[in-house]
Amino acid sequence: MSETSPKLRAELEGIPTYKPGKPAAAGGPVAYKLSSNENPYPPLPGVMESVTAAASNFNRYPDMACTGLMNELSERFGVPLSHLATGTGSVGVAQQLIQATSGPGDEVIYAWRSFEAYPIITQISGARSVPVPLTPGDVHDLDAMAEAITDRTRLIFVCNPNNPTGTVVRRAELERFLDRVPSDVLVVLDEAYREFIRDPEVPDGVELYRKRPNVCVLRTFSKAYGLAGLRVGFAIAHEPVAAALRKTAVPFGVSQLAQEAAIASLRAEDELLGRVGSLVCERTRVVDGLRAQGWTVPETQANFVWLRLGERTVAFAAACEEHGVVVRPFPGEGVRVTVGETEANDIFLKVAEAFHKEI
């Protein structure tokens with residue numbers, strides 16, 4: 001009897017592995033992790049109490065409908081409950097969106113480089129990725145993305161601010177792009193870093209969605225709200241899309257702990273805004289410091305900065321790690337560095353200054 005392996009889907013061949021930010025090594029020289037765009041602050045007031053109370057019941061399944069959280073989101077954003085869907089982080093909801101729209105023979109358009117999960121979740125569905133290069137300024141090339149639309153296009157991701165470059169598309173250009181997209185193609189505005197935006201010309205995707213049935217907005221509690229370890233994100237979309245998301249959701253995917261933490265976080269918005277404001281101030285300090293050293297740094301509206309280093313990327317990341325901070329390298333392209341604690345940012349700036357002098 002010959003031995004054969006179970007037959008698996010051919011679409012899984014060659015799927016790149018998602019690479020999380022490298023953690024700080026236990027007992028090693030690395031003191032700070034600036035590789036995952038995490039919030040350096042502890043949970044917001046009331047969150048730990050809510051999670052602790054919910055933990056006493058984790059022998060029970062969570063509320064699959066996320067009723068309490070959905071009610072809070074509905075009130076917070078002024079949208080109907082039927083226009084909401086939750087998932088395991090915004091990336092989980094993004095995968096649900098592709099499952100709901102795209103399969104073999106279909107196409108998914110996104111900028112590149114952008115969020116590295118896009119090609120992975122597209123290939124898993126069997127659809128074809130259509131990556132469109134960023135402009136020389138590391139911004140979405142919306143004209144090129146519009147020209148890439150075919151009759152097989154089912155979904156378009158617009159990551160705003162873009163991960164990993166931090167760059168944004170502004171209201172006029174985004175609305176012009178949306179006007180060019182056929183009404184039966186879903187445009188997903190991935191706004192994982194929305195809270196860090198200070199440019200008044202960057203539109204709130206929720207306002208765009210209200211008048212456009214083919215626009216869906218992704219948000220997450222992982223970044224500004226500091227709940228990265230609990231995995232809870234959500235989408236705001238018109239009813240047909242939101243209903244499809246609820247159908248494709250993993251049953252009981254969002255734990256009760258995550259639901260209660262998200263509710264408490266929404267209710268601590270004043271504290272949240274103060275923390276985000278502090279991080280934005282640190283972002284400005286880091287960018288100004290890098291530019292004063294001679295670096296070319298794209299304008300960032302997220303909680304990270306992007307340095308295009310090309311072939312020097314890995315060497316720079318190694319130098320940072322040697323001095324106590326871990327950054328996120330994209331070999332051959334550049335590094336993404338989270339704005340973290342002041343002490344961590346200071347170390348990063350010192351390494352960057354020394355490295356630039358050697359170029």
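Residues: numbered from 1 along the sequence shown.
- Counting only residues at least two apart or in different chains, salt bridge (charged side-chain N to carboxylate O under 4.0 Å, His left out) contacts with residues 287-296 are absent.
- Heavy-atom minimum distance, Val202 versus Arg194: O-NH1, 3.5 Å.
- Atom CG of Leu174 sits about 7.5 Å away from atom CZ of Phe177, to the nearest 0.5 Å.
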Handout entry: Criterion side-chain contact (heavy atoms from CB on, under 4.5 Å) on Arg180 and Asp143, from CA distance to verdict
Key = CA-CA 9 Å; Arg180 295 181 64 182; Asp143 286 336; 3.5 Å; yes
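- Not counting sequence neighbours, the partners of Tyr193 by the ring pair (Phe, Tyr, Trp, His ring centres under 6.0 Å) test are Phe304.
- Rounding to the nearest 0.5 Å gives a distance of 12.0 Å between CG of Leu84 and CD of Glu72.
- Side-chain contact check for Thr165 versus Arg113: every heavy-atom pair is 4.5 Å or farther apart.
- For residues 86-106, the pairs satisfying salt bridge (charged side-chain N to carboxylate O under 4.0 Å, His left out) are Asp106-Arg154, with sequence neighbours left out.
- Panel note: side chain Asn345, backbone Val339; no donor-acceptor pair is recorded below 3.5 Å.
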Practice task
Determine, step by step, whether Gln256 and Arg60 satisfy the side-chain contact (heavy atoms from CB on, under 4.5 Å) criterion, reporting the C-alpha distance in whole Å, the side-chain angles of both residues, the deciding distance to 0.1 Å, and the verdict.
Solution key: CA-CA 9 Å; Gln256 199 64 44; Arg60 305 295 183 184; over 6 Å; no
Handout entry: Test side-chain contact (heavy atoms from CB on, under 4.5 Å) applied to Asp204 and Glu191, step by step
Key = CA-CA 9 Å; Asp204 184 331; Glu191 297 185 335; 4.1 Å; yes
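- Residues that satisfy the salt bridge (charged side-chain N to carboxylate O under 4.0 Å, His left out) test with Glu207, not counting sequence neighbours, are Arg210.
- Placement of Ile236 and Val181 within a single hydrophobic cluster is found when ILVMFWY residues are connected by side-chain heavy-atom separations under 4.5 Å, directly or transitively.
- Less than 6.0 angstrom separates the ring centroid of Phe234 from the ring centroid of Phe77.
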Going by atom type alone, with no hydrogens or angles, which donor-acceptor pairs under 3.5 Å involve a side-chain atom of residues 95-102 and a protein atom two or more places apart or on another chain?
residue	atom	partner	partner atom	Å
Gln96	NE2	Leu245	O	2.9
Thr101	OG1	Leu97	O	2.9

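- Distance CG/Asp199 to OG1/Thr167: 11.5 Å, rounded to 0.5 Å.
- Here the CZ-SG distance, from Arg283 to Cys281, works out to 9.5 Å after rounding to the nearest 0.5 Å.
- Listed by first then second residue, pairs satisfying ring pair (Phe, Tyr, Trp, His ring centres under 6.0 Å) with a partner in residues 129-154 number zero, not counting sequence neighbours.
- Residues Val91 and Arg231 are in side-chain contact: their nearest non-hydrogen atoms beyond the backbone lie under 4.5 Å apart.
- A 6.0 Å sphere centred on CD of Glu175 holds more than 12 heavy atoms belonging to other residues, nucleotides or ligands.
- With contacts defined as side-chain heavy-atom distances shorter than 4.5 Å, the pair Val108/Ile121 does not qualify.
- Leu186 and Met145 are members of different hydrophobic clusters when ILVMFWY side chains are connected at heavy-atom separations under 4.5 Å.
- Side-chain contact between Arg219 and Val93: absent, with no pair of heavy atoms (C-beta onward) separated by less than 4.5 Å.
- Judged by distance alone, the side chain of Thr150 and the main-chain N or O of Arg152 form a donor-acceptor pair under 3.5 Å.
- Pairing each heavy atom of Ala264 with each of Ser50, the nearest pair is CB-OG, 3.6 Å.
- Screening residues 255-265 for salt bridge (charged side-chain N to carboxylate O under 4.0 Å, His left out) gives no qualifying pairs among residues at least two apart or on separate chains.
- Annotation: ring pair (Phe, Tyr, Trp, His ring centres under 6.0 Å) contacts of Tyr110 (sequence neighbours excluded): Trp112, Tyr118.
- Every residue was checked against the ring pair (Phe, Tyr, Trp, His ring centres under 6.0 Å) condition with Phe196, not counting sequence neighbours, and none meets it.
- In terms of heavy atoms, Pro298 sits closest to Thr296 at CD-O, 4.0 Å.
- Shortest non-hydrogen contact noted between Val130 and Ala148 is CG1-CB, 4.1 Å.
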Exercise for the section: Please test Asn162 against Ser114 for side chain to side chain donor-acceptor pair (under 3.5 Å), starting from the C-alpha separation and ending with a verdict. Expected result: CA-CA 6 Å; Asn162 186 47; Ser114 191; 2.6 Å; yes
Run the side-chain donor-acceptor check on residues 348-359: report pairs under 3.5 Å with partners two or more places apart or on a different chain.
residue	atom	partner	partner atom	Å
His356	ND1	Gln293	O	3.3
His356	NE2	Gly294	O	3.3

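- Formation of a donor-acceptor pair under 3.5 Å by the Gln259 side chain with backbone atoms of Val254 is found in this model.
- Hydrophobic clustering of Ile, Leu, Val, Met, Phe, Trp and Tyr side chains at less than 4.5 Å, counting indirect connections, unites Val79 with Met70.
- Between Leu134 and Ala111, the shortest heavy-atom contact is CD2-CB, 3.8 Å.
- Here CG of Asn39 is found 11.5 Å from OH of Tyr225. Values are rounded to the nearest 0.5 Å.
- Residues in residues 36-53 take part in these salt bridge (charged side-chain N to carboxylate O under 4.0 Å, His left out) pairs, two or more places apart or across chains: Lys33-Glu38.
- Atom CD of Glu107 and atom OG1 of Thr153 lie 5.0 Å apart (nearest 0.5 Å).
- Side chains of Arg275 and Leu44 form a contact here, defined as non-hydrogen atoms less than 4.5 Å apart.
- Side-chain contact check for Leu155 versus Cys216: every heavy-atom pair is 4.5 Å or farther apart.
- Taking every heavy atom of both residues into account, Ser35 and Thr338 meet most closely at N-OG1, 3.9 Å.
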Exercise for the section: Would you please test Val305 and Val287 for side-chain contact (heavy atoms from CB on, under 4.5 Å) and show each step? Expected result: CA-CA 7 Å; Val305 296; Val287 170; 3.6 Å; yes
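- Phe221 pairs with exactly one of Leu69, Leu230, Thr86 by the side chain to side chain contact (heavy atoms under 4.5 Å, CB included) rule, that one being Leu69.
- No side-chain heavy atom of Pro133 sits less than 4.5 Å from a side-chain heavy atom of Asp141.
- With no hydrogens or angles considered, no side-chain donor-acceptor pair links Asn37 and Arg328 at under 3.5 Å.
- Remark: the backbone N or O of Thr52 is not paired with any side-chain donor or acceptor of Ser56 at under 3.5 angstrom.
- Val276 and Leu266 fall within a single hydrophobic cluster, where Ile, Leu, Val, Met, Phe, Trp and Tyr side chains are chained together by heavy-atom contacts under 4.5 Å.
- Judged as a ring pair (Phe, Tyr, Trp, His ring centres under 6.0 Å), the pairs with a partner in residues 35-66 (not counting sequence neighbours) are, in order, Tyr61-Phe252.
- Between Val250 and Thr88 the shortest side-chain heavy-atom distance does not fall below 4.5 Å.
- Residues Ile120 and Val132 do not share a hydrophobic cluster, defined by chaining ILVMFWY side chains whose heavy atoms lie under 4.5 Å apart.
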